[in-house]
Number of protein chains: 2
Amino acid sequence: MAKQMTEMLKGTLEGIVLALLSDQPAYGYEITARLREQGFADIVEGTIYALLVRIEQRGLVDISKVPSEKGPPRKVYSLNAAGREHLAEFWSSWTFLTERIEGIRRPTIEGEK
Amino acid sequence: MAKQMTEMLKGTLEGIVLALLSDQPAYGYEITARLREQGFADIVEGTIYALLVRIEQRGLVDISKVPSEKGPPRKVYSLNAAGREHLAEFWSSWTFLTERIEGIRRPTIEGEK
DNA sequence: TTCGCTACTCTGTGTCGCTGAGTACGAGTA
DNA sequence: TACTCGTACTCAGCGACACAGAGTAGCGAA
């Protein structure tokens, strides 16, 4: 899906993961898998884990270790109050951006195609 | 509009500028002004010029110098064939991303708000 | 024992937007 | 003349983020 995607994901991937976590708690490997199902086929595992470390250090999530039947223990992340607030800000920024871009796209629709 | 915006603009700002240029040729200062009008109030001039240098080096735009009544000569950028193709790819990536994100947002709408 | 899946960690790299300062030109004003 | 103001572009350095790629570790099946 091209290198453009890599750049576009900067900033939005974090919001996407927070949104997933707001639906229900999850651990890294699971999040990666879920993203792949949802169409982000070439998301890199390392990227997700790094992102999770980041949002943990910022205090947006709570963590609990849960033993796994298969493999090492899971670090389960759940969104806390700060995380929900951050997510709300993300949605507001995202809405702002999409509205502007649609505004720019509109007059151009004839042009491309 | 927060630091989130800075990250979100990565990758998309280039598409936005290409879209503006596909509407009509323009020079740096003008593009900056136009973006500000359209709501991107705190876009930094230096960012736009750097971006223009980049897309020039990638051969997405043609350039002509036009004398200005007020100030230094203008570097007018116009989208060429490669640029239009790149723009089309941008729209396709953008559409992909917005669709996924809306798909994730939907089940969460109750949650935030 | 080896293979494969689960699950997480870590170091280094490139790209991008921002910061902040600088250059340069012309017109109006004191 | 000297000053300021608006136009127009340049540049060095910084921080944040996604990716590349390799490594560690646990478990079950062939």
Side-chain angles (χ1 to χ4, degrees), chain A residues 1-18 25-36 40-58 60-61 63-77 86 90 93 97, chain B residues 1-18 25-36 40-58 60-61 63-77 86 90 93 97:
Chain A
M1 194 91 243
K3 180 179 296 175
Q4 289 185 320
M5 249 322 200
T6 293
E7 289 305 320
M8 274 192 214
L9 283 177
K10 292 186 180 177
T12 59
L13 187 57
E14 182 181 300
I16 292 171
V17 170
L18 291 178
Y27 54 97
Y29 194 83
E30 185 187 4
I31 292 172
T32 306
R34 212 170 279 176
L35 286 174
R36 295 226 165 106
F40 296 101
D42 37 351
I43 286 284
V44 175
E45 271 191 279
T47 298
I48 299 300
Y49 287 113
L51 192 162
L52 289 172
V53 167
R54 230 157 54 218
I55 64 179
E56 172 188 355
Q57 283 171 349
R58 288 197 203 134
L60 306 180
V61 286
I63 298 188
S64 61
K65 282 224 173 185
V66 178
S68 163
E69 327 81 50
K70 339 194 78 189
R74 299 164 172 168
K75 284 179 74 175
V76 175
Y77 296 79
H86 195 80
F90 167 77
S93 295
L97 185 59
Chain B
M1 194 92 243
K3 180 180 298 176
Q4 288 184 319
M5 247 325 198
T6 293
E7 289 306 319
M8 274 192 215
L9 283 176
K10 290 186 179 176
T12 60
L13 186 56
E14 181 181 299
I16 292 171
V17 169
L18 290 178
Y27 54 97
Y29 195 83
E30 186 187 5
I31 292 172
T32 306
R34 214 170 276 177
L35 286 174
R36 296 227 164 105
F40 297 101
D42 36 353
I43 286 283
V44 175
E45 272 190 279
T47 298
I48 300 301
Y49 287 113
L51 191 161
L52 289 172
V53 167
R54 232 157 52 220
I55 62 179
E56 172 188 355
Q57 282 171 350
R58 288 198 205 133
L60 306 180
V61 286
I63 297 189
S64 61
K65 283 225 173 185
V66 178
S68 162
E69 327 81 52
K70 337 195 78 189
R74 298 164 172 168
K75 283 179 75 176
V76 175
Y77 296 78
H86 196 81
F90 167 77
S93 294
L97 184 59

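The model shown is predicted, which means the values in this text are computed figures rather than measured ones. Per chain, numbering begins at 1; letters A, B, ... match sequence-line order.
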Atom-to-atom span, [atom1] of [X] to [atom2] of [N] - whole angstrom:
X: B/Leu13; N: C/dG17; atom1: CG; atom2: P; result: 5 Å
X: B/Leu18; N: C/dC16; atom1: CG; atom2: P; result: 12 Å
X: B/Ile43; N: C/dC16; atom1: CD1; atom2: P; result: 15 Å
X: B/Met8; N: C/dC16; atom1: CE; atom2: C1'; result: 16 Å
X: B/Asp42; N: C/dG20; atom1: CG; atom2: C1'; result: 16 Å
X: B/Arg54; N: C/dG17; atom1: CZ; atom2: C1'; result: 8 Å
X: B/Phe40; N: C/dC16; atom1: CZ; atom2: C1'; result: 16 Å
X: B/Glu14; N: C/dC18; atom1: CD; atom2: P; result: 14 Å

Every protein N/O within reach of nucleotides 7-10 of chain C N/O, cut-off under 3.5 Å:
residue : atom : partner : partner atom : Å
C/dA7   : OP1  : A/Ser68 : OG           : 2.8
C/dA7   : OP1  : A/Arg74 : NE           : 2.4
C/dA7   : OP1  : A/Arg74 : NH2          : 2.3
C/dA7   : OP2  : A/Tyr27 : OH           : 3.0
C/dC8   : OP1  : A/Lys75 : N            : 2.6
C/dC8   : OP2  : A/Gly28 : N            : 3.3
C/dC8   : OP2  : A/Tyr29 : N            : 2.8
C/dC8   : OP2  : A/Tyr49 : OH           : 3.0

Atom pair [atom1]/[atom2] of [X] and [Y] - distance to nearest 0.5 Å:
X: B/Ile48; Y: B/Arg36; atom1: CD1; atom2: CZ; answer: 8.5 Å
X: A/Ile43; Y: A/Ile16; atom1: CD1; atom2: CD1; answer: 7.0 Å
X: A/Met8; Y: A/Lys3; atom1: CE; atom2: NZ; answer: 13.5 Å
X: A/Leu35; Y: A/Glu30; atom1: CG; atom2: CD; answer: 10.5 Å
X: A/Leu52; Y: A/Thr32; atom1: CG; atom2: OG1; answer: 7.5 Å

Quiz item: Is the base of C/dT15 touched by the side chain of A/Lys10 through a donor-acceptor pair closer than 3.5 angstrom?
Solution: yes

Exercise. Would you check if B/Phe40 and A/Leu97 make a side-chain contact, meaning some heavy-atom pair closer than 4.5 Å?
Key: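 Side chain of B/Phe40 against side chain of A/Leu97, heavy atoms only: contact under 4.5 Å found.
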
Quiz prompt | Pairwise side-chain contact, A/Phe90 with A/Glu14, heavy-atom cut-off 4.5 Å (strictly under) | solution =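 No; the side chains remain at least 4.5 Å from each other.
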
Exercise. Only pairs at least two apart or in different chains count here, so list each side chain to side chain donor-acceptor pair (under 3.5 Å) that has a residue in residues 65-74 of chain A.
Key: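 Found A/Tyr27-A/Arg74.
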
Practice problem: Please answer whether the main-chain N or O of B/Tyr29 pairs with a side-chain N or O of B/Tyr49 as donor and acceptor at a distance below 3.5 Å. | Solution: yes

Quiz prompt | Along DNA chain D, first and last positions that approach a heavy atom of chain B under 4.0 Å | solution =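 So the contact region on DNA chain D extends D/dT7 to D/dC17.
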
